[in-house]
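Here the structure comes first, spelled out in C-alpha cells, and everything after it is commentary.
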Amino acid sequence: MASKKVLEYLDDNRQEHVEQLCDFLRIPSVSSLSEHDEDVRRAGAFVAEELAGLGLKVETIDLGGHPLVYAESELRPDRRTLLFYGHYDVQPVDPLELWTHPPFEPVIEDGILYARGSSDDKGQLYAHFKALEAYVKTGQELPVNVKFIIEGEEECGGHSIYRYTEEHPDKLACDAVVISDTTLYNETTPGICYSLKGLCYMEIKVTGPAMDLHSGSYGGTVRNPGNALAAIVASLTDEDGRCRVPGFYDAVLDLDQEERDGFAALGYTDEILCEETGAPEPWGEKGYTTLERMWARPTCDVNGLVSGYGGEGAKTIIPATALAKVSMRLVPDQDPEAVATAFKEFVLGNAPRGVKVSVEFLHGAKPVLVPRNSPMMQAGMAALEEGFGAKPVFIREGGSIPIVGTFQDCLKSPVLLLGYGLATDNIHSPNEKFLLENFWRGARTTAMLMAEAAKR
Ligand code: BES
Ligand code: ZN
C-alpha cells in the first residue's frame, strides 16, 4: 500500500495535474513529420524539465534522431529498481477536418480530455510522473529506485532507443520495466497485458508510364499501375481472411485452451465490436473468435492505397504510379525479418508483367509474450486493483511497442504492461481522448505499484 499521504496528494492535486498535462499536450510533437522536429525537441525538453524538477538526475541523449531522455533517482542498493518507459512523440493528425477540436488545443468535456497524444502516450506517461511527484512532494521515501527512459521516435520507427539499449544495458539495468502505453480491458475492468503483436510494415510501389496518360489515347496499350497494384493487393489474402504469403503461419504459437477459455469468459461480443468500430459486421480469419483474431492471430492489411485521381468529378487518366502501404501484425513467435523476406519474394515472384514493382521493408517490431505468473505481474495486479477499484483481467493487445522485444533481449528483466488507456480512445485517429478518471487512477496505480514492487 502506498502511504495515505501519497494518495491524498494525488487526490488534492487532480486539477493541477490535468492542467500540467494539457501543457504537455499543447506541444505538437509529431515525430514522423520533419516540420515538427523543433516541437518534438520541445516535448523532450518538457519531459527532461519535469523529471529534473522531481530531483532526478536527467540526461538528454541525442543519437541523431529525436532525443532520448534518461533519468534516475538515487540508486540505493537496498531497493529494487523499476525502469519506466514511455514516448513523448505522437502520430500525425490528419484528417484534420474530422477533429471536433484542434488536436493540440486540449479541451475537457464530460470528464474526457481530447487531444492528440492524450492517451498515446503522453497522458499515460504523465500518470507515472505524477505518482513520483506524490512521493517527492510529500517527503515520503520512494519504495523503489526509479529510472526513466523516454523516447521521441516510437511512432516513426526511429533507432535511437534500440542503439542506446544495446549499448548501455548496464545503465538501464532494473528489476522490471514498467510501461503504460496499452489499454484497460474496458471502462470498468482493468486489464494486465501479457502479449503485444509485432509488426512487419511494407511498401509496394508500382510504376508504369513515365507520366499520367490520357486514358482514351493510351488505354488498352500499356498496363495500368492502379489495376496491377489492385491485383497484387488482392493476392495477399484469401476469402477466409488468411494471408497467402507462403510460410506466414509457420512460426505462429497457437493459443492454449486456458487462454481461449479466458478470452471467452470476458464476454466480448460482436455487438460491442460493431459499436466500438462503427463497422457493419465483424470479419476476419475463419475459425477464430473476434478476441482471438484481435489479440492472437496475425493479420495482413492495407494501411494506405494511392493511385491516380481522387478529387471531385472524373478525370480520365492511366496513372503513372500506384503505391500501397501494407502492414502485417505478427504474433509470437513470428519474426519480422523472415516475414518481410517471404512477403517480398511472394509479391515480386507474382508481379504482373508490363509494370515495375518494388517492395520495401519500412520497419518492424518483434511480438512480445510475458509470463502471467511472475511476482511483478502480481504486483501489477494488486496495484491495478487498488488503483481502479476492480479486479484486473488478463488481456493481450493487437498493437505493438517495438522496443519491448529489445528490452527483453538486452536487459533480461520482466516487462510489465500496465495500460491506462481504452481501446476506444481513438489513438492514431481524429478526436483522440483520455478519460480523466483513468489518468488519476493511473497515477494512483503507479504509486501503488512502487510500493507493491518493493514488497515482492
Ligand atoms: N500505444 C501504441 C501501442 C498500442 C496500440 C497498444 C493499441 C495497445 C493498443 C503504440 O504507441 C503504437 O502505436 N505503436 C505502433 C508501433 C509502430 C509504429 C511500429 C503501432 O502499434 O502501430
Ligand atoms: Zn501509437
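As the structure lists them, so they are numbered: ligands from 1, and atoms in each ligand from 1. Throughout, residue positions are numbered sequentially from 1 according to the sequence presented.
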Quiz prompt | Set of ring-ring contact (aromatic ring centres under 6.0 Å, His included) partners for Tyr185, sequence neighbours left out | solution = none
For residues 415-425, dump all side-chain donor-acceptor pairs below 3.5 Å to protein atoms at least two apart in sequence or in another chain.
| residue | atom | partner | partner atom | Å |
| --- | --- | --- | --- | --- |
| Tyr420 | OH | Gly442 | O | 3.3 |
| Tyr420 | OH | Thr446 | N | 3.4 |
| Tyr420 | OH | Thr446 | OG1 | 2.8 |
| Asp425 | OD2 | Ser119 | OG | 2.8 |
| Asp425 | OD2 | Leu422 | N | 2.7 |

Quiz prompt | salt bridge (Lys or Arg N to Asp or Glu O under 4.0 Å) against Asp409, all qualifying residues, sequence neighbours excluded | solution = Lys366
Quiz item: Is the closest basic N to carboxylate O distance between Arg260 and Glu292 below 4.0 Å?
Solution: yes
Exercise. Could you please spell out the steps behind the ring-ring contact (aromatic ring centres under 6.0 Å, His included) verdict for Phe407 and Tyr85?
Key: CA-CA 10 Å; Phe407 283 154; Tyr85 161 82; 5.6 Å; yes
Quiz item: Where the Zn ion (ligand 2) is the corner point, what angle links OD2 of Asp120 with NE2 of His428, to 10°?
Solution: 90°
Quiz prompt | Glu155: its N/O/S atom lying closest to the Zn ion (ligand 2) (atom name) | solution = OE2
Practice problem: Give the C-alpha distance, both sets of side-chain angles, the deciding distance and a yes or no for ring-ring contact (aromatic ring centres under 6.0 Å, His included) between Phe129 and Phe84. | Solution: CA-CA 10 Å; Phe129 294 177; Phe84 290 90; 9.0 Å; no
Practice problem: Hey, can you tell me if Phe394 and Tyr194 have their rings parallel, tilted or perpendicular (30° and 60° cut-offs)? | Solution: perpendicular
Quiz item: Using a 4.0 angstrom limit on heavy atoms, which residues are close to ligand 1?
Solution: His87, Asp120, Glu154, Glu155, Asp181, Thr182, Leu199, Arg329, His363, Glu397, Gly399, Ser400, Pro402, Ile427, His428
